[in-house]
Protein chains: 2
Amino acid sequence: MYHKQIVNVDRVKQVNTAAIYRLIDLQGPISRIQLSEQSQLAPASVTKITRQLLASGLIQEVAQQASTGGRRAISLMTLQRPYQFISARLGRGVLDISLYDLSGSQQAHQQLSVQSKDPNEVTEQIIEDIDAFIEQYHDNQPLIAVTLTLSGLVATASGTVVYTPHYEFRDFALGSKLEEHYKLPIFLGNDTRAMALSEHYFGASQDCLDSALISVRNGTSAGIIIGGEVFMRQHRDVGEIGHIQIDPLGELCQCGNLGCLETVVSNKAIENRVRKIIEQGSPCSLSAAQVNINAICHAANMGDQVCKQVLQHCGQTLGRAIAIVINLFNPEKVLISGEIMQANDIVISGVQQSVSHQALAAFERDTTIQAAQFQQNPTMGGLALVKRALHDGSLLLQLLDS
Amino acid sequence: MYHKQIVNVDRVKQVNTAAIYRLIDLQGPISRIQLSEQSQLAPASVTKITRQLLASGLIQEVAQQASTGGRRAISLMTLQRPYQFISARLGRGVLDISLYDLSGSQQAHQQLSVQSKDPNEVTEQIIEDIDAFIEQYHDNQPLIAVTLTLSGLVATASGTVVYTPHYEFRDFALGSKLEEHYKLPIFLGNDTRAMALSEHYFGASQDCLDSALISVRNGTSAGIIIGGEVFMRQHRDVGEIGHIQIDPLGELCQCGNLGCLETVVSNKAIENRVRKIIEQGSPCSLSAAQVNINAICHAANMGDQVCKQVLQHCGQTLGRAIAIVINLFNPEKVLISGEIMQANDIVISGVQQSVSHQALAAFERDTTIQAAQFQQNPTMGGLALVKRALHDGSLLLQLLDS
DNA sequence: CTACTTATTTTACAAAGAAAATAAACTTGT
DNA sequence: ACAAGTTTATTTTCTTTGTAAAATAAGTAG
């Protein structure tokens, strides 16, 4: 059996401290009195809490605000630059490593290739590469965390990699291995879900509590943000939409089924389809050898009918999946990420067609569909994981003590 | 902008009192020391809270438990029978009214027909009929609430009916009209979602935190329970899966699209399909005139191939929708409700086929699919709405004061 | 009858937030 | 320039809540 949230006294302090830190972080320069209004805590409590945060160096007093008729308010801001962390991202055959500070500015970046698929070998390489990276790029500022994002299912709480499409991880305790080595808080997560959270904190979905990010690259997956948090079930995140059956008579998917979303909506599927049409002799500005996703988008933007048609069909199909997400989650914004968004207008118009037909009218009119903001930076997701840990108090308390 | 949960002192008491009440209600006869263990509150705190609950008559001391080597523990239970409420359900052309007590036993029931589709007229009828029902069946025990469930979208917090398929409600403030008349707490909700919650509290999904109920009757809709609560977005519930496009080349749906789930999975769709096959001359144990959902299920169970095939196909199609729900929500149990479950084995085997192919393996092996427990009683959903209000503290506090 | 267990209650206390009082910084009217 | 009034920030005082520890109650086992 289970019990729901019980509140004891210690927890109150933790929750409220985290809430105040979060407000200062999100709402930039803000006075104590404004914090009190927004948090519904008494001014006295805000003073108590901010005193502690000031003492530990997590926030600072900055300029005074203009007077509104009396004593001028003192603005508070979070300190970002002194807090650095490592964000790594394990893609298909690729390991990206970055050094960030909390402001979100990337101090250094490196990309390496990964040959092995064996969990132990890959883990070893990750540790070696990050070690070398730190050696080379990190100065003497304190590191507060190491994050790793990857495609696949991750049990976030236990730091276990349940499953990955590109490597042979199966219920592999990657988190504890990294923790053992670095003696730092480790944050592990699915890459799409982490990117969705990054868009929520810093990107295109900053202004809304409920959003979804659909990532179309090697495959298709979704990250769903509900109430400002990644939607999770029993400590593992969900959002694997790539194998929704979109057409019972469709193409064979590598998973063994017919007509999965990924058989139409993925870079490889798009490339294959264009190649096929060219080989059938349709007039196209690309030769079969030139076909790749970037070229296709460029050609479509230039007016190439074949490429345009394929991308539009892809958009329509994606729209059917997005309509399902809208009906089930009713997000304010749906963001699409991936190389296809170089042909933004073509894809979006296809998506809109399907959504306007298939999503509930009451929901559809509330939902904006647009391109994601962070298309290029695969390690950006780690930043969100660190922010989240600060905002929910778990990492914040560790920094308060030290 | 928004702020997340802030905890102030008042709230602590409310949350913990509700949590203790919920534990006593769910875990039947239970001692204070067991409550302390399960709630992680100190024994002294449990004593304080239970004292209050005892004083207001919400719980009572029952038998002592057997000794485990020392003083025998005193069992506590919630009091159910003295608390009665009215549960109404507005279906297509039908109004069901029941009198329940908190134990879930139905004291009286009445079914009436509804002719009008006009919101004001329907509201007037509901009030008149409930008044007459109370007059006839209710004795002098206190009524603590009135609930109304219906198909359509309901904004639970504001008591507004956003949309209904069978009546012309559009953003209609039904809740406040009822509240004005009855001067009692009113709980309004979508019927499928309320039934899903009832299954969670009292039925087939009692033992799990995450479940889904799929209702197949006039249409198809889902109720999704996450963490023991109805999954909601900005105060309105979601789960309208009836218009997921399941086949881009499928039949025309009344919503104007092709191949919606409801064009295959609904009582009417099944009946039409069987009728069509019979008219085409296939040998069937039913005549076209005899066709209705109950007869079809019975014939299928007796081995009729036409009926069996249609139901199996319906199951397979439903399975595709359920696979989506499983991939997105990862519930422990999926319950199916509706007349089709009279042919339980046939439908479930079809569902299982699709799910085993299309749901993620990691999720599918954790998910049980079975028939819902409360198939017959349309007002059962209201019971869950009242329970929820007691368990989350909102209704509990009103009863504590009085 | 004594020693030991277990359950519950009482007492004393610590921590957090609320309310009121005070201090500080500024604006405005004279 | 200066008093009066505002607005913000902080401090003090008080109430509430939960908890630890001690006390009490009610059993068991030998």
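Predicted model only: the values in this text are computed from it and were never measured. Excluded from the calculations below are hydrogen atoms, water molecules and symmetry mates; all remaining heavy atoms, backbone and side chain alike, are included.
- Rounded to an integer number of Å, the gap from CD of B/E37 to C1' of C/dT8 is 14 Å.
- A/E61 places its CD atom 16 Å from the P atom of D/dT8, with the value rounded to the nearest Å.
- The nearest whole Å value for the distance from the CG atom in A/L54 to the C1' atom in D/dA9 is 13 Å.
- Between the P atom of C/dA7 and the CZ atom of B/R32 lies a distance of 12 Å, rounded to the nearest Å.
- By the neighbour-count criterion of 12 heavy atoms within 6.0 Å, atom CD of B/Q60 is densely surrounded, having more than that number from other residues, nucleotides or ligands.
- Computed from coordinates, the B/Q52 CD to D/dT17 C1' distance equals 12 Å when rounded to whole Å.
- Between B/R72 and C/dT8, a side-chain N or O to OP1/OP2 separation shorter than 4.0 Å is absent.
- D/dT24 atom C1' lies 13 Å from atom CD1 of B/I74, rounded to whole Å.
- Per the geometry, CD1 belonging to A/I30 stands 13 Å off P belonging to D/dT8, to the nearest Å.
- Within the 4.0 Å cut-off from OP1 or OP2 of C/dT5, not a single side-chain nitrogen or oxygen of B/R71 is found.
- Electrostatic pairing of B/R32 and B/E61 counts as a salt bridge here, judged by a charged N lying under 4.0 Å from a carboxylate O.
- Taking atom CG of A/L41 as the reference point, atom C1' of D/dA9 lies 16 Å away to the nearest angstrom.
- Between B/N16 and D/dT17 there is no side-chain polar atom (N or O) within less than 4.0 angstrom of OP1 or OP2.
- Residue B/S45 places no side-chain N or O under 4.0 Å from the OP1 or OP2 atom of D/dG18.
- Here A/D25 pairs with A/T78, A/Q80, A/K387, A/H391 under the side-chain hydrogen bond (donor to acceptor under 3.5 Å, both in side chains) rule; sequence neighbours left out.
- You'll find that the side chain of A/I33 is closest to D/dT8, out of D/dT17, C/dT9, D/dT8.
- In this structure, A/A44 reaches the bases: a heavy-atom distance under 4.0 Å links it to at least one base atom across the strands shown.
- Ring-plane geometry between B/F231 and A/F231 is classed as tilted, the angle between the planes lying from 30 to 60 degrees on a 0 to 90 degree scale.
- In the set C/dA16, C/dA18, D/dT11, C/dA16 carries the atom at the smallest distance from any side-chain atom of A/V12.
- Comparing B/P43 and B/K48 along DNA chain C, the residue whose closest nucleotide (by nearest heavy atom) sits nearer the 5' end is B/P43.
- Classification of A/D210 and A/K333 as a salt-bridged pair fails, no side-chain N sitting under 4.0 Å from a carboxylate O.
- At least one side-chain nitrogen or oxygen of A/R51 sits closer than 4.0 Å to the OP1 or OP2 atom of D/dT11.
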